[in-house]
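Heads up, the thing below is written out as structure tokens.
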Amino acid sequence: MKLSIGAVVRGGSSLGYHTGTWRDRRPFLNLEKCKACGICEEVCPDGAVRKTQEAYQVDYLFCKGCGLCAKECPAKAIELVPEGK
Amino acid sequence: MKLSIGAVVRGGSSLGYHTGTWRDRRPFLNLEKCKACGICEEVCPDGAVRKTQEAYQVDYLFCKGCGLCAKECPAKAIELVPEGK
Amino acid sequence: MGSPEKGKREELFVSGHRACPGCGMALAVRHILRATGRQVIVVTPTGCLETFTSPYGYSPWRVPWVHHLFENGPSVASGIAAALRMQKRDHIRVLVIAGDGATFDIGFGALSGMLERGEDVLYICVDNGAYMNTGGQRSAATPLYASTTTDPPGKLSSGKVQEKKDLPWIVAAHKVDYVATASVAFLADLRGKLKRAMEVRGPRYIQVDSPCPSGWGFASDLTLEVGRLGVNCGLIPLLEIRGGTLTRVRKITKRIPVEDYLRVQARFRHLFAPRRQQAELSRLQSLADEKIKTYGLLKG
Amino acid sequence: MGSPEKGKREELFVSGHRACPGCGMALAVRHILRATGRQVIVVTPTGCLETFTSPYGYSPWRVPWVHHLFENGPSVASGIAAALRMQKRDHIRVLVIAGDGATFDIGFGALSGMLERGEDVLYICVDNGAYMNTGGQRSAATPLYASTTTDPPGKLSSGKVQEKKDLPWIVAAHKVDYVATASVAFLADLRGKLKRAMEVRGPRYIQVDSPCPSGWGFASDLTLEVGRLGVNCGLIPLLEIRGGTLTRVRKITKRIPVEDYLRVQARFRHLFAPRRQQAELSRLQSLADEKIKTYGLLKG
Amino acid sequence: MREIRIHGRGGQGSLVLAQLMAIAALEDNKYGQAFPFLGGGGERRGKAIMAFCRLSEKPIRLRSRVSQPHYVIVQDPTILNEQDVLQGLRPEGLLLINTRKEPHELGLPSWVRVQTFSRVQDSLFASGKPLTNTFLLGAFSAITGELTLQAVLRAVRKRFPGRLGEENTRMVEESFSEFGGKKP
Amino acid sequence: MREIRIHGRGGQGSLVLAQLMAIAALEDNKYGQAFPFLGGGGERRGKAIMAFCRLSEKPIRLRSRVSQPHYVIVQDPTILNEQDVLQGLRPEGLLLINTRKEPHELGLPSWVRVQTFSRVQDSLFASGKPLTNTFLLGAFSAITGELTLQAVLRAVRKRFPGRLGEENTRMVEESFSEFGGKKP
Amino acid sequence: MPWEEVLEGSEAVALAIKACRPQVISAFPISPQTHIVERLARMVAEGELQAEYVRVESEFSAASVVSGASLAGSRAYTASSSQGLLLMTEVLYASAGMRLPFVMTGVNRTVSAPISIQVDHQDTISLRDCGVIQLYVESSQEAYDAHLAAFKVAEDPCVLLPVMVCMDGWILTHSYERVCFLSQEEVDRFLPPFKPPNYLDVENPKSWGSYAEEDVLMEFRYSVQKAMTCAKRIIRETWQEMAQLTGRNYGGLVEGYRIQDAEIILVAMGSVAGTVKEAVDQARESGQKVGLARIRCYRPFPHEELWEMIKGAKVVAVMDANFSMGSEGAIAMDLKAKLYGRPSAPLVVPFVAGLGGREVNTHAVLEIVKSARQCYESSIHPLEAQWVGLNAELLTE
Amino acid sequence: MPWEEVLEGSEAVALAIKACRPQVISAFPISPQTHIVERLARMVAEGELQAEYVRVESEFSAASVVSGASLAGSRAYTASSSQGLLLMTEVLYASAGMRLPFVMTGVNRTVSAPISIQVDHQDTISLRDCGVIQLYVESSQEAYDAHLAAFKVAEDPCVLLPVMVCMDGWILTHSYERVCFLSQEEVDRFLPPFKPPNYLDVENPKSWGSYAEEDVLMEFRYSVQKAMTCAKRIIRETWQEMAQLTGRNYGGLVEGYRIQDAEIILVAMGSVAGTVKEAVDQARESGQKVGLARIRCYRPFPHEELWEMIKGAKVVAVMDANFSMGSEGAIAMDLKAKLYGRPSAPLVVPFVAGLGGREVNTHAVLEIVKSARQCYESSIHPLEAQWVGLNAELLTE
Ligand SMILES: Cc1ncc(C[n+]2csc(CCOP(=O)(O)OP(=O)(O)O)c2C)c(N)n1
Ligand SMILES: Cc1ncc(C[n+]2csc(CCOP(=O)(O)OP(=O)(O)O)c2C)c(N)n1
Ligand code: SF4
Ligand code: SF4
Ligand code: SF4
Ligand code: SF4
Ligand code: SF4
Ligand code: SF4
Ligand SMILES: [Mg+2]
Ligand SMILES: [Mg+2]
């Protein structure tokens with residue numbers, strides 16, 4: 001691919017870089033417990049919790065497994081499990 | 001004369017540079033009127049008023065003729081006269 | 001463009017950036033752009049934020065974004081603001097989002113110039129209290145006694161010697177209309193301050209406490225908790241200063257001793273081990289007490 | 001070395017320098033060194049003072065003196081102070097004597113760093129309100145509406161747009177122990193402040209209003225008179241600020257309207273001719289009124 | 001000269017492992033060189049990275065990256081999906097992977113000599129303690145014979161003085177004997 | 001090409017005088033060049049300084065200082081004690097000195113052609129008004145014929161628009177006729 | 001309507017800038033750049049020039065402001081000199097790498113220490129690596145013309161680099177001389193509004209200032225060098241267009257003066273070239289075959305044109321108003337490096353002339369010619385540069 | 001007692017500095033310099049090193065602090081890299097002119113834009129004019145030795161200039177390898193306390209930082225060049241003394257490796273030389289007469305020693321890890337300029353190698369050798385440098 005002039009880059013192109021591989025713990029969002037308060041979406045530094053039509057979901061393409069969503073979830077609906085090695 | 005290393009200069013050497021030539025007015029200190037208050041010495045930016053044993057004196061080697069001494073003298077003892085051209 | 005709070009919220013700072021897991025700064029930026037909306041141009045000096053968002057080919061910024069150098073964010077922003085005025089595009093607003101090193105230290109000359117000229121720029125410092133991008137060296141924003149790699153504790157040292165440079169008040173002394181401090185741990189408060197700042201023209205300054213798991217030494221899920229402890233112990237007061245006077249403070253909900261805040265962070269470990277450094281701990285506590293008193297941070 | 005005020009007074013800043021006739025700054029420096037005595041090292045950034053005292057081969061400084069660059073006076077001074085400590089020579093004190101451009105603008109980043117680090121340096125700004133060395137361009141210290149060569153009056157301009165940067169208070173906000181303003185027109189007051197400053201260790205700041213016949217446009221014998229008018233109209237308050245609080249003011253002996261001060265200076269001529277600019281004059285008067293009120297400059 | 005490439009993730013101490021090997025080399029009276037691969041900007045925790053090590057009887061002058069390693073060590077098996085860990089591996093070389101899986105479960109080409117470990121650390125990010133790395137180091141010493149146990153133990157003690165060193169030397173010894181190393 | 005050197009003091013407008021000559025040259029359809037001598041650092045009021053001017057029928061390319069002037073103009077007689085104003089003055093050249101003294105009173109070598117002025121401004125530092133210089137300019141025009149009166153008047157008006165220009169053009173005319181210049 | 005006037009070189013530059021309609025100007029004062037930026041400030045104050053004038057607190061910020069303005073898609077201008085240019089160093093490297101086509105005046109002045117406001121080329125020469133195009137001018141007229149050309153070159157899609165017009169402080173900035181001006185309409189036709197390929201646009205958000213890894217970084221550097229190479233053509237074309245417009249033809253990247261049959265060729269740049277031309281004429285009158293190759297564009301370095309001019313000469317005397325401590329003058333270095341290995345390349349004799357304002361008059365130039373001739377005639381190949389006019393009495397052992 | 005250890009290059013430097021007993025250290029962090037200054041900070045915090053450590057707000061101030069400290073008569077040290085070195089530019093010019101003998105480490109890293117922390121020599125090369133002596137090292141061992149030597153050279157009465165030890169970022173600063181250390185006593189004997197000819201002394205007040213006019217300025221510049229010339233001798237002697245002390249002999253200003261009968265000589269500096277030596281050995285094994293001339297001191301430029309080494313070669317291949325935009329690499333320029341006109345000087349083929357961290361391995365070096373040989377054999381004299389490893393696919397038209 002040709003380089004751009006002056007290394008200018010299209011905004012939002014980081015969606016092509018998947019940080020999910022960095023993760024060593026995987027947050028599981030238990031929809032049964034979830035109260036849809038949206039806090040997990042708020043507090044994720046990576047914007048890896050998305051609100052879909054149905055529910056809040058973790059986007060594992062990007063989630064780095066920091067655990068903030070789990071820690072801050074008032075319903076304790078998110079559980080972190082080690083990534084299988 | 002050889003240059004110094006790094007252009008270092010002896011402190012106080014400006015006494016070799018006589019700014020009196022810049023003057024176009026010459027302050028005359030009238031000792032009869034002078035009350036020896038020392039203000040002229042205080043206010044001279046060029047340190048060109050000196051207190052000698054006897055009295056205050058203008059050092060014409062350096063005096064630039066600014067007129068501050070005359071202006072500030074409470075006894076109006078200093079008069080400025082144009083330098084003869 | 002409606003209020004970004006309502007309706008479909010469009011993310012202006014997207015996934016795929018390379019911040020450490022649990023980075024407070026990354027979270028702050030997401031919310032900053034939520035509050036400002038898309039009619040902004042962002043300048044970011046060199047630092048963590050720049051590094052984790054600038055790898056060639058991969059930008060998470062969905063607003064125009066510029067990184068130029070470490071020390072010139074305010075000046076680049078001034079140039080952009082000047083151009084926008086001449087182009088009659090000054091409904092578009094200019095933000096600087098910068099680290100504390102860029103803000104308190106190397107870029108402070110430029111920032112002071114920008115403030116003095118009265119540029120229409122909102123300057124936001126995402127403050128993690130050290131040069132984290134280069135491995136956690138001391139900045140003028142490093143808190144008293146914190147350990148950094150250039151001011152480490154040792155036989156002759158208990159960490160940083162100086163108190164944190166009081167930048168909000170220094171900025172306020174520049175007669176800046178809007179100055180505020182905020183914390184990533186209080187996101188609604190942060191967004192509110194941004195909104196109010198956006199209503200003002202001229203230079204404005206917001207300093208956002210941004211806990212950094214990697215640099216401060218705490219687990220990556222504790223970012224908000226550490227932020228809250230900082231605020232609740234009084235060391236991180238959340239203020240609004242308008243026209244040089246304190247106009248609003250966020251009251252402490254549940255006061256805690258500073259030790260509760262310090263103990264969870266590796267950068268203060270030397271105050272507790274190998275032996276407890278009581279003098280230092282007391283001084284930090286009185287610093288907090290003083291802030292609580294001066295700013296009236298307690299309820300009632 | 002006894003008090004330099006008593007006994008044979010030795011001149012530490014001698015004749016033969018090349019200041020313009022009637023230069024307020026040159027006079028200030030004579031008295032600064034009288035007050036400090038000879039156990040000092042002076043750093044001067046580029047500017048009038050440097051230019052008129054540095055021609056190769058001719059130095060009026062009878063204390064060790066260094067000029068390095070325009071923007072790094074505080075840092076060079078910090079290096080000297082550090083060396084003196086290591087050499088156990090720190091009974092010798094370090095001064096910076098710098099112009100307002102070096103202080104308010106290009107060197108302010110370095111100054112702020114020096115203050116923040118708490119260096120044992122007395123920083124003295126000899127303030128003539130513009131870059132006089134290069135022909136009188138605007139500085140952040142230029143007063144509101146003054147004419148400078150880079151901010152000249154014209155169809156769209158009444159001179160400088162911004163108020164003078166309030167540096168004493170900005171410095172004070174750095175938690176500096178001793179901050180003062182002084183004027184060449186009040187030499188005893190100036191020397192007194194220097195003496196008190198020398199009694200303190202750590203960073204200190206004194207800003208000396210230094211009327212400049214060439215740059216402000218008045219006759220060379222009016223330097224002190226113009227200085228007095230500035231103080232007496234309220235625009236140049238003489239303050240002492242310790243630990244961030246105002247501790248002392250020099251009361252105005254005979255209050256005058258600002259116009260009396262402005263009218264004698266060419267840099268304000270455009271406020272009177274070709275037509276009187278009433279709005280600008282009123283704003284300047286209220287600026288003075290405000291200062292008089294805030295600082296309690298009037299007697300009784 | 002022996003060349004080693006280590007694959008790991010930011011925070012897993014790949015470089016520390018390489019450094020320990022280089023230090024141990026001196027103890028064996030050899031020359032060692034250890035250096036990072038600059039994946040630059042954003043070596044954040046979790047990002048896949050590399051480190052290199054050279055061991056030699058003679059002073060080491062080469063400064064280029066290790067491109068034809070005799071040994072490849074993979075600290076984190078998830079990296080197999082991200083990086084081509086086999087790149088340049090010599091035919092006679094050895095791949096050491098920190099995984100509980102059996103070599104044949106890894107879907108590697110048949111020419112590759114692989115060693116996996118029956119015992120793996122749970123989280124590689126465990127609180128700054130390099131235990132996993134010292135585990136690997138002991139195993140490396142035992143399996144390859146490139147470094148003596150004694151040298152490795154000394155290196156660990158030098159790099160980690162105090163209690164941390166003790167824990168780690170114990171770990172080295174354990175893994176060394178687990179992988180059939182014989183004490184001299 | 002004619003070369004002129006002007007000696008004066010900081011604040012006396014030596015450069016302005018040179019500039020006026022260069023501007024006038026264009027009005028005479030010639031080429032003019034005026035530039036300061038850099039005595040640098042500390043061109044304070046009162047310090048002795050120099051300015052240069054060249055007048056030519058052809059474009060002027062030379063950029064060096066005037067070292068062999070056809071004319072030397074001394075704005076301030078006290079400078080005679082400080083600078084060698086005769087340096088390089090051509091034998092056929094002319095020295096114009098702003099002094100009330102007679103040429104023979106100045107103690108100059110006999111080969112020098114000197115012109116002094118019976119009427120001299122009292123203070124050369126008089127409030128930024130270039131009257132002394134325009135006086136000298138008129139005299140120069142009249143005495144040397146290098147620049148026409150018309151050109152000089154136009155130059156003065158260009159450089160000083162408004163009332164200042166009027167005063168100065170009057171001064172030029174006065175001195176021009178005083179020194180025998182004939183209006184064309 | 002074109003017009004002619006005698007005025008200060010600085011004013012000529014200010015009028016050129018005004019005619020180019022920059023939207024943003026930012027500068028920090030330093031002698032001898034001040035008259036340019038003061039004149040521009042007056043134009044803005046009087047409403048004669050519609051531009052934002054940002055009065056920054058340092059040169060670092062001045063260069064940064066114009067970078068920001070350029071990023072936002074506006075035409076931008078700054079000027080500096082000496083210490084100010086050194087202080088801009090980091091910004092200029094970055095701006096060139098970001099391909100920001102602003103224009104600046106580099107008013108030549110020596111650099112500290114010792115401090116001095118005297119003219120030489122040390123300041124701009126110190127920036128010769130950074131990717132900023134450098135044009136050097138001989139007269140106020142050429143300074144005027146070069147600033148118009150500079151924007152056109154900078155903004156060319158194949159260039160997109162900052163351009164610095166280097167002009168000698170005092171000698172040009174503070175001289176009054178005749179200058180012909182173009183009408184605004186002519187300038188507008190010559191220089192249409194700036195159309196940046198990318199700019200800070202909220203509708204099409206992009207990111208600037210990327211971090212680059214070793215997999216692409218060298219190629220980014222190479223692309224700057226490619227732009228430099230392309231700039232040679234663009235600069236040549238621009239001056240041709242200018243010549244058609246004005247009737248003033250200075251030549252291309254290098255001006256040859258009495259070069260055709262010259263045996264001794266002087267190489268110089270900046271205002272000293274005028275004096276050199278006078279000296280060349282004098283030498284010619286005395287029967288010596290002397291010529292001048294005046295470098296008008298130093299970066300990119302026009303070695304092809306220089307070679308064409310000097311290949312027939314017997315000896316080339318290079319006059320450097322700069323010096324790389326521990327090595328030699330920059331022009332001599334560039335020139336010899338580029339001639340190296342050319343078959344039958346002439347002898348090159350390096351001189352340091354005009355350093356720190358040391359006067360260079362026709363006499364000095366003729367001495368240089370003489371010394372160069374002697375080298376040639378006695379087959380001496382001096383390894384060290386000769387410092388012209390050095391006062392040995394001042395030197396310590 | 002001398003001892004040996006495997007440790008990071010940065011730590012070796014920190015230990016060298018400690019052994020030199022600087023009184024003032026000031027630095028601003030930047031990758032990859034950080035480990036050096038962090039290690040020093042730790043030594044100070046632990047009381048192992050008695051020095052003032054001034055934690056400044058910028059590199060401009062770091063260089064200024066050490067200037068001030070040096071003026072006050074103390075031994076002073078700073079370190080920086082890349083952007084930080086660019087930001088120091090103005091201070092370094094002034095400090096050299098003021099003849100302040102502090103020592104600094106220039107940790108080599110490329111410069112923005114694009115920003116990158118990758119290694120190349122652009123940063124220190126950009127400072128090649130300013131009067132700071134530049135030493136380049138190949139290994140951590142040499143880095144250790146060079147810092148000891150640096151103070152000795154800087155403080156020599158005939159030199160009195162800042163000295164910068166340039167070492168490749170990451171490749172040296174972050175490599176662990178074997179380093180031999182001298183005992184403190186040995187170092188103290190080698191490097192006695194600093195005795196400045198002048199310092200800020202209230203009993204004998206002097207003034208520094210004069211303003212110089214055109215009547216003396218050129219002579220002040222010349223005296224810096226004279227100090228540079230003298231430094232060549234001092235540097236040679238210092239390394240000889242060091243060799244006697246340590247048994248490690250790297251040669252003088254240039255190290256020759258298998259140079260005697262070499263037909264193809266590579267010229268390089270910095271850590272890449274190690275790789276080049278390996279490649280030279282490989283080439284020799286295959287019967288090619290290849291050698292390396294490694295520049296250890298780039299300013300002053302050791303053209304005499306280089307000439308002695310390469311004069312017998314058929315072709316010289318210069319490897320520049322830097323590029324002067326619009327011209328070529330700095331080493332090639334210096335070298336060709338200084339060889340220019342020497343009778344029967346060898347063909348010089350310029351290469352750009354290792355820019356922006358682009359890998360240079362033995363394979364790449366052998367390609368350079370091959371290409372240089374081809375140039376020689378086909379009598380091709382390339383005017384433009386070849387960029388080694390350039391990825392053409394990334395380039396735009
Ligand atoms: C002139 C210059 N000096 C030093 C650096 C190296 N550097 C890059 S980012 C950084 C620290 C950034 O600290 P801060 O602004 O607090 O941002 P953070 O990384 O902590 O978010 C440093 C020292 C640089 N890029 N440029
Ligand atoms: C980096 C740099 N920029 C600009 C200058 C030019 N310069 C020298 S002194 C000066 C102004 C000084 O102003 P101030 O500090 O107020 O001192 P003053 O001359 O008014 O006393 C300027 C702009 C310089 N020397 N260095
Ligand atoms: S924070 Fe917990 S309860 Fe709230 S939306 Fe997320 S998972 Fe559901
Ligand atoms: S674990 Fe962290 S990165 Fe993953 S979704 Fe939760 S908050 Fe986001
Ligand atoms: S000021 Fe007047 S009265 Fe006082 S000493 Fe001077 S001359 Fe005498
Ligand atoms: S006239 Fe001015 S310079 Fe002369 S003595 Fe009086 S005050 Fe001093
Ligand atoms: S170091 Fe801290 S601030 Fe920087 S990316 Fe990591 S967590 Fe965020
Ligand atoms: S310009 Fe003003 S401050 Fe400068 S020397 Fe002259 S009078 Fe003094
Ligand atoms: Mg930070
Ligand atoms: Mg000033």
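Side chains are part of it too, since the values below use all heavy atoms of this structure and drop only hydrogens, waters and symmetry mates. So that the names make sense, note that chain A is the first sequence line, chain B the second, and so on, each numbered from 1.
In terms of heavy-atom pairs under 4.5 Å with chain A, the best-connected choice from C:Trp61, C:Trp65, C:Tyr58 is C:Tyr58.
Proximity of C:Arg30 to A:Cys44: side-chain heavy atoms (C-beta onward) are separated by under 4.5 Å at one or more points. Proximity of C:Arg18 to A:Trp22: side-chain heavy atoms (C-beta onward) are separated by under 4.5 Å at one or more points. You'll find the side chain of C:Tyr56 reaches within 4.5 Å of the side chain of A:Leu3, heavy atoms only. You'll find the side chain of A:Ser14 reaches within 4.5 Å of the side chain of C:Val14, heavy atoms only.
The minimum heavy-atom distance linking A:Cys66 with C:Gly22 is given by the pair CB-N, 3.1 Å. When all heavy atoms of A:Pro45 and C:Cys23 are compared, the closest pair comes out as CB-O, 3.4 Å. Taking all atoms of both residues into account, the shortest heavy-atom contact from C:His17 to A:Asp46 is CE1-OD2, 3.1 Å. Considering every non-hydrogen atom in both C:Arg62 and A:Gly11, the closest pair reads CG-C, 4.5 Å.
Remark: the backbone N or O of A:Glu42 is paired with a side-chain donor or acceptor of C:His31 at under 3.5 angstrom. Side chain of A:Ser13 to main chain of C:Gly57: a donor-acceptor pair is present (N/O by atom type, distance under 3.5 Å, no hydrogens or angles).
Qualifying side chain to side chain contact (heavy atoms under 4.5 Å, CB included) partners for C:Ser15, counting only residues two or more places apart in sequence or in other chains: A:Leu15, A:Arg50, A:Phe62.
Counting non-hydrogen atoms of other residues, nucleotides and ligands closer than 6.0 Å to NZ of A:Lys76 gives a total of 12 or fewer. No more than 12 heavy atoms of other residues, nucleotides or ligands lie within 6.0 Å of CZ in C:Arg269, so this atom counts as exposed by the packing criterion.
Heavy-atom proximity under 4.5 angstrom to chain A picks out C:Ser220, C:Asp221, C:Leu222, C:Thr223, C:Leu224, C:Glu225, C:Arg228 from residues 218-230 of chain C.
Salt bridge status for A:Lys51 with C:Glu11: absent, with no side-chain N to carboxylate O gap under 4.0 Å.
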